[in-house]
Protein chains: 2
Amino acid sequence: MGRLPVKKPATASAKTPATALDRGVLPTLLGYMLRRAQSAVFVDFAATFQAAGAALTPGEFGLLILVARNTGLSQMALARALGIDRSTLVPILDRLQARSLLVRRRSPTDGRTHALELTSAGTKALARFAVLVRVHEKRIASRLSTAETQMLIDLLEKVRAGARSI
Amino acid sequence: MGRLPVKKPATASAKTPATALDRGVLPTLLGYMLRRAQSAVFVDFAATFQAAGAALTPGEFGLLILVARNTGLSQMALARALGIDRSTLVPILDRLQARSLLVRRRSPTDGRTHALELTSAGTKALARFAVLVRVHEKRIASRLSTAETQMLIDLLEKVRAGARSI
DNA sequence: CGAATTTGTTTGCTCCCCAAACAATCTCCG
DNA sequence: CGGAGATTGTTTGGGGAGCAAACAAATTCG
């Protein structure tokens with residue numbers, strides 16, 4: 001998805017009266033509503049970080065957390081945890097490594113694998129990022145009670161489990 | 001996102017005992033759980049269509065529904081409804097037009113715009129697609145009661161509304 | 001030891017997304 | 001009416017995400 005989707009001014013189109021199109025069955029579809037919510041959340045995430053002068057995607061945040069909590073992780077294990085191909089992971093790690101947030105250390109026990117770990121700068125940055133994520137989470141859940149938020153999380157997990165994985 | 005993410009055989013890795021990594025705070029984050037659910041739903045969507053010998057993405061389905069319910073729509077209006085840039089829409093429409101599902105007709109009233117409409121083949125195909133979507137929706141909601149599904153949809157809408165749109 | 005497997009990388013392909021520039025067209029104001 | 005400004009669709013350029021296939025290095029297993 002594009003990064004930092006900042007809305008353009010869009011001089012209040014006079015011609016199209018914003019008639020709000022007919023969306024048919026779409027608003028009754030779980031998949032559709034899920035996609036819309038996800039997209040809005042992504043935009044909010046980007047906006048939150050941009051406003052703080054930080055640059056990170058939700059995927060990168062998840063990756064950093066996984067590396068932080070599982071120091072020495074191999075790329076293969078990380079890719080599996082993220083549900084992506086190992087070849088997809090390579091340029092992502094390249095970028096984070098170029099930003100000095102993590103390093104690919106040689107594993108002493110297995111010469112094929114890399115032992116991933118955060119740099120100390122990476123650890124510090126992650127702490128900052130976590131604060132921003134908390135702000136972001138608070139906003140996207142702002143219209144929900146604590147109980148509703150928990151229920152939503154549980155329902156989402158049930159959806160994930162119900163979808164077939166192949 | 002990649003199309004038709006069919007899992008590979010993956011000869012039951014003996015080395016990594018699938019120890020289930022530590023995900024830290026991630027499972028408590030709405031954004032994270034939303035992303036995971038959305039990803040699983042996408043895979044299910046692709047698998048459902050692939051199994052039926054049809055090829056369509058959730059986005060294309062939404063687009064077709066919008067065009068069907070708002071015949072004569074301009075590309076600009078459609079892009080706005082989809083929340084994407086008008087330049088992004090061009091290759092998408094090219095593809096659907098190449099599949100003879102829709103046409104860009106010249107607008108009689110405004111020479112700048114195209115009036116989008118489904119072909120009769122497009123209308124027929126969409127009816128087939130809608131059946132597949134119903135199957136797909138049934139599966140992803142298979143672990144949820146009707147009330148839970150409705151509640152989930154409502155909660156997702158609240159999340160979308162709570163996220164800031166810039 | 002040698003064959004098979006695993007890991008990380010590279011290359012190639014597809015897709016999604018945006019921004020900027022451009023021609024055609026329409027609108028609106030003088 | 002006529003030209004300036006806005007709108008629309010397209011093209012081009014750039015970035016990211018994702019997979020598959022091929023490869024070298026390294027490990028494992030027969």
Side-chain angles (χ1 to χ4, degrees), chain A residues 1-17 35 38-39 42-43 46 50 55-60 62-63 73-80 82-98 104-116 166, chain B residues 1-16 35 38-39 42-43 46 50 55-60 62-63 73-80 82-98 104-116:
Chain A
M1 200 173 279
R3 197 183 282 250
L4 301 184
V6 178
K7 273 288 191 334
K8 48 199 124 62
T11 13
S13 77
K15 188 55 179 292
T16 312
R35 238 167 26 98
Q38 213 274 321
S39 169
F42 180 88
V43 171
Q50 189 195 24
L56 205 75
T57 63
E60 288 167 343
L63 187 156
L73 199 64
S74 74
Q75 295 186 196
M76 210 33 220
L78 179 55
R80 224 159 8 222
L82 293 173
I84 65 178
D85 195 89
R86 67 190 195 275
S87 64
T88 302
L89 189 54
V90 173
I92 299 174
L93 291 178
D94 287 347
R95 217 180 319 133
L96 293 173
Q97 190 160 18
R104 289 185 248 221
R105 213 173 284 291
R106 270 215 100 47
S107 164
T109 69
D110 188 337
R112 295 167 299 179
T113 71
H114 286 158
L116 300 173
I166 39 136
Chain B
M1 199 174 278
R3 196 184 282 250
L4 302 184
V6 179
K7 272 289 190 333
K8 48 203 122 73
T11 14
S13 78
K15 186 56 178 290
T16 312
R35 234 162 34 93
Q38 212 273 323
S39 169
F42 180 89
V43 170
Q50 189 195 24
L56 204 75
T57 64
E60 288 167 343
L63 188 156
L73 199 65
S74 74
Q75 294 184 198
M76 215 23 225
L78 179 55
R80 224 157 9 221
L82 293 172
I84 64 178
D85 195 89
R86 63 191 198 277
S87 63
T88 303
L89 189 55
V90 172
I92 300 175
L93 291 177
D94 288 347
R95 215 180 322 132
L96 294 172
Q97 191 161 16
R104 288 186 249 222
R105 212 173 285 290
R106 271 216 99 46
S107 164
T109 69
D110 188 338
R112 294 168 301 178
T113 72
H114 286 157
L116 299 173

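In what follows, every chain begins at residue 1, and chains take the letters A, B, ... in the order their sequences are listed.
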* **A:Met76 CE to D:dA26 C1', straight-line distance once rounded to whole Å** => 15 Å
* Measure the distance from CG on A:Leu96 to P on C:dG8 and round it to the nearest whole Å. => 16 Å
* Contact class for A:Thr113 (heavy atom, under 4.0 Å): base, sugar-phosphate, or nothing? -> sugar-phosphate
* Structure fact -> A:Gln50 atom CD is separated from C:dC18 atom P, nearest whole Å, by 14 Å
Contact list (N/O, under 3.5 angstrom) for nucleotides 10-12 of chain D vs protein:
residue, atom, partner, partner atom, Å
D:dT10, OP1, B:Arg104, NH1, 3.2
D:dT10, OP2, B:Gln75, OE1, 3.1
D:dT10, OP2, B:Gln75, NE2, 2.7
D:dT10, OP2, B:Arg104, NH1, 2.8

* Asked: Closest heavy-atom contact between B:Ser87 and B:Pro91?
  -> O-CD, 3.4 Å
* Check the distance between D:dC19's P and B:Phe42's CZ and give it to me in whole angstrom. => 10 Å
* **Results of side-chain hydrogen bond (donor to acceptor under 3.5 Å, both in side chains) for B:Arg104 - residues two or more places apart only** => B:Gln75, B:Asp94, B:Gln97
* Structure fact -> Looking only at heavy atoms, the pair that brings A:Thr113 and A:Ser74 closest together is CB-CB, 4.1 Å
* Whether B:Arg106 side chain and B:Gly111 backbone form a donor-acceptor pair below 3.5 Å -> yes
* Is the shortest heavy-atom distance from the side chain of A:Leu82 to the side chain of A:Ile92 under 4.5 Å? -> no
* Short side-chain N/O contact to D:dC19 OP1/OP2 from A:Thr88, under 4.0 Å -> yes
* To the nearest Å, how far apart are B:Leu73 CG and D:dT8 C1'? -> 13 Å
* Structure fact -> Closest of D:dT7, D:dG9, C:dT7 to the B:Arg112 side chain is D:dT7
* Rounded to the nearest angstrom, tell me the gap between atom CG in B:Leu89 and atom P in C:dA19. => 15 Å
* C:dT14 C1' sits how many Å from B:Arg95 CZ, rounded? -> 9 Å
* What is the distance, rounded to the nearest whole Å, between atom CZ of A:Arg80 and atom P of D:dC19? -> 14 Å
* To do: Apply side-chain hydrogen bond (donor to acceptor under 3.5 Å, both in side chains) to A:Ser107 and list each qualifying residue two or more places apart in sequence or on a separate chain.
  => A:Thr109
* Closest non-hydrogen atom pair between B:Ala79 and B:Arg86, with its separation -> CB-CA, 3.9 Å
